[in-house]
Amino acid sequence: MRLEKIISLLKQKESKRLEFKKFRDEISATLFETVCAFLNREGGEIIIGADDDGKIIGIEESRIDRMMNNIVTMSNNPDIVDPPFILDPHKYEIEGKSIIYLNIPESSQVHRFKGTVYDRSSDGDFKIKEPQRIAAISNRKSGYYSETRIVEHIGDNDFDRSTFEKVRNRLRYLKQDHPWAGLSDTDLLLRSGLARRNEDTGKIEYYAAAVLLFGTELGIQSIIPQFKIDAVVKINDTDRFDDRKDFRINLIDAYSEIMTFIEKYLPDPFYFENGQRVSLRNKIFREAVVNLIVHREYYSPFPARIVITKHSVEFTNPCNPRHIGKIDTGNYLTHQKNPLISKFFLQLSWVEEVGTGIYNITKYMPYYTKGAKAEFIEDSMFRTIIPFRFASPNDSDNEKAPDHIYTELSDEITDGVRKVKDFIAKNHGCRLSDISAGLNITERTLDRYIKILKLSGVIEFKGSKRFGGYNVVGYLKIGGANGANGGMDEEINEAKKINNQETTQKDTQKDTQKDTQKDTQKDTRSLILELIELNSEITRDLIAQRLNLSTNTIKDHLKRLTDLGILKREGGRKLGRWVIIKK
């Protein structure tokens, strides 16, 4: 479990970054003293539900939700934490007891708890009252975190209003009562720490992070003219490039467009997790893109780059390093380079938790490319190298199967054919390696089953050799054991007749009804289900974007699919997923 690993690592090497808090009926003041001290120093982890020695004592289950809501509400209240830094508490079970876990990064701002600045040392949290010591903390942060530079000559016209609305809609989708969802544009910037009100003049002053996240292209270029993210594809034309695009838009729009660019060129191997298909491509490259965005030094003259080749994807971005050299992924504690931007991406659920990027890429890499490991090298240019291979064209082998494959089929083979057909029906687009892993069948045995199903017209390989996969296109009635008289041949011939008849009927219906609204709705719902099969965590907004439809239209289709018992939603708005109940 990652949490247990964090506790062990911090106890051994960086104990000052780990704090244990005993449970009390109400959230105590000392909790937020520690929160502000961590925000002002180097960040840290807080375990609520453990004694001073780290022994897990737990929290009563009936009180956990209330405590977590209080933590979120209080951290968003400027009368308690100023400027606010909304926290993201998580509930875990350790040793059979429930605890609350808080991962707190170092902030790029100086935070006060009820008007008092706190700092952190090996002896714990202590108050700072001397103005020169407070100024020293502020100077240290302003020299290291360029995202908090106050930008001049920025006004309302330099912000993209549609981005604000997009953010509010996503926050409402993730959590209906999110404290930022109902705020005006200006209040949203103030409450999220992206802007401040000058106490002397009363005017709003904007940090560079605010313009990077919400600015128009002209607004961003006016403060950081060198800003861009360059994406290059060198799969076939290695001397020049196959495709190239540079992104100069705000980070919220850039994240979505970069992910769309990556999805266009990279494969997405079949993978099951907890009974659901999971997009490995999304799991890995989402983290890599977020890392490139949130850890970048934006005032560097060098651009961030993504280079896709035949064998790897390399992300490079300028940064202010705290570690020089190759990162040991087993013993690495993250340091936020742009805490304001990182915090905002966390609230949008584009990153699961502060510091999970390297962990998740390392976790899923062996499944994306067998035996491969990602490399992370920190220097003035941070490099993330993700190796992969394109799928083998042998998966679409079209050679004719020998005649003896149909004679004297046993119960075991008949059952195997049925299982393979059912697996493909549930996981359309899968490849030989996916089926072999999912059913625990050797590829040699699987090859025989596939040939039976292909020649009987039940399945078909669709798409290119690199990115295609198997799909069910017909029906096969498989009975019990087949005798020496080759009963399977009769079943195959009958299946072909049925398939031909049904294909003719479907073509006729399609010709007469293809312009009707009913067919259009069916096609749309089929596409929605295909997107959900590829990524069960896909959002309503992203479905609308992929299908070029309005969010309300997608909402109506999802409701209809749910009412028909085809689809259901599991989990909350933030961490939930779609589950396809039946085709």
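As the structure is a prediction and not an experimental result, all values here were calculated from the model.
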### Query
Is the shortest side-chain N to carboxylate O distance from Asp268 to Lys283 below 4.0 Å?
no
### Query
Does Glu570 pair with Lys568 as a salt bridge, N-O distance under 4.0 Å?
yes
### Task
Assess the side chains of Thr148 and Gln109: does a donor N or O sit below 3.5 Å from an acceptor N or O?
no
### Task
Could you list the residues that satisfy ring-ring contact (aromatic ring centres under 6.0 Å, His included) with Phe261, not counting sequence neighbours?
Tyr265
### Task
Report yes if the side chains of Val579 and Ser536 come closer than 4.5 Å at any heavy-atom pair, otherwise no.
no
### Distance-only donor-acceptor check, side chains Tyr101 and Glu45, under 3.5 Å
yes
### Query
Is Tyr299 atom OH crowded by more than 12 heavy atoms from other residues, nucleotides or ligands, each under 6.0 Å away?
yes
### Task
Report the residues that fulfil side-chain hydrogen bond (donor to acceptor under 3.5 Å, both in side chains) with Arg197, sequence neighbours left out, ordered by chain and then residue number.
none
### Query
Between Asp230 and Arg305, is the closest basic N to carboxylate O distance under 4.0 Å?
yes
### Task
Could you tell me which residues satisfy ring-ring contact (aromatic ring centres under 6.0 Å, His included) with Phe159, sequence neighbours excluded, listed by chain and number?
Tyr206
### Task
Would you please name every residue forming a side chain to side chain contact (heavy atoms under 4.5 Å, CB included) with Lys559, sequence neighbours left out?
Asp563
### Task
Could you grab the distance from atom CG of Leu558 to atom CG of Leu567, nearest 0.5 Å is fine?
6.5 Å
### Query
Is the shortest side-chain N to carboxylate O distance from Asp253 to Lys166 below 4.0 Å?
yes
### Query
Using 30° and 60° as the class limits, which term best fits the ring planes of Phe32 and Phe113: parallel, tilted or perpendicular?
parallel
### Query
When you check the gap from the basic side-chain N to the acidic O, do Arg161 and Asp156 get nearer than 4.0 Å?
yes
#### Entry: Side-chain H-bond candidate by donor/acceptor type, Arg172 with Asn169, under 3.5 Å
yes
## Note on the structure
With sequence neighbours left out, the residues meeting ring-ring contact (aromatic ring centres under 6.0 Å, His included) with Phe85 are His111
Under 3.5 Å donor-acceptor pairs involving side-chain atoms of residues 213-225, not counting sequence neighbours:
{"residue": "Thr216", "atom": "OG1", "partner": "Gly219", "partner atom": "N", "Å": "3.0"}
{"residue": "Gln221", "atom": "NE2", "partner": "Phe227", "partner atom": "O", "Å": "3.3"}
{"residue": "Ser222", "atom": "OG", "partner": "Gly219", "partner atom": "O", "Å": "2.6"}

### Query
Is any NZ, NE, NH1 or NH2 atom of the basic residue among Arg383 and Glu375 found under 4.0 Å from an Asp or Glu carboxylate oxygen of the other?
no
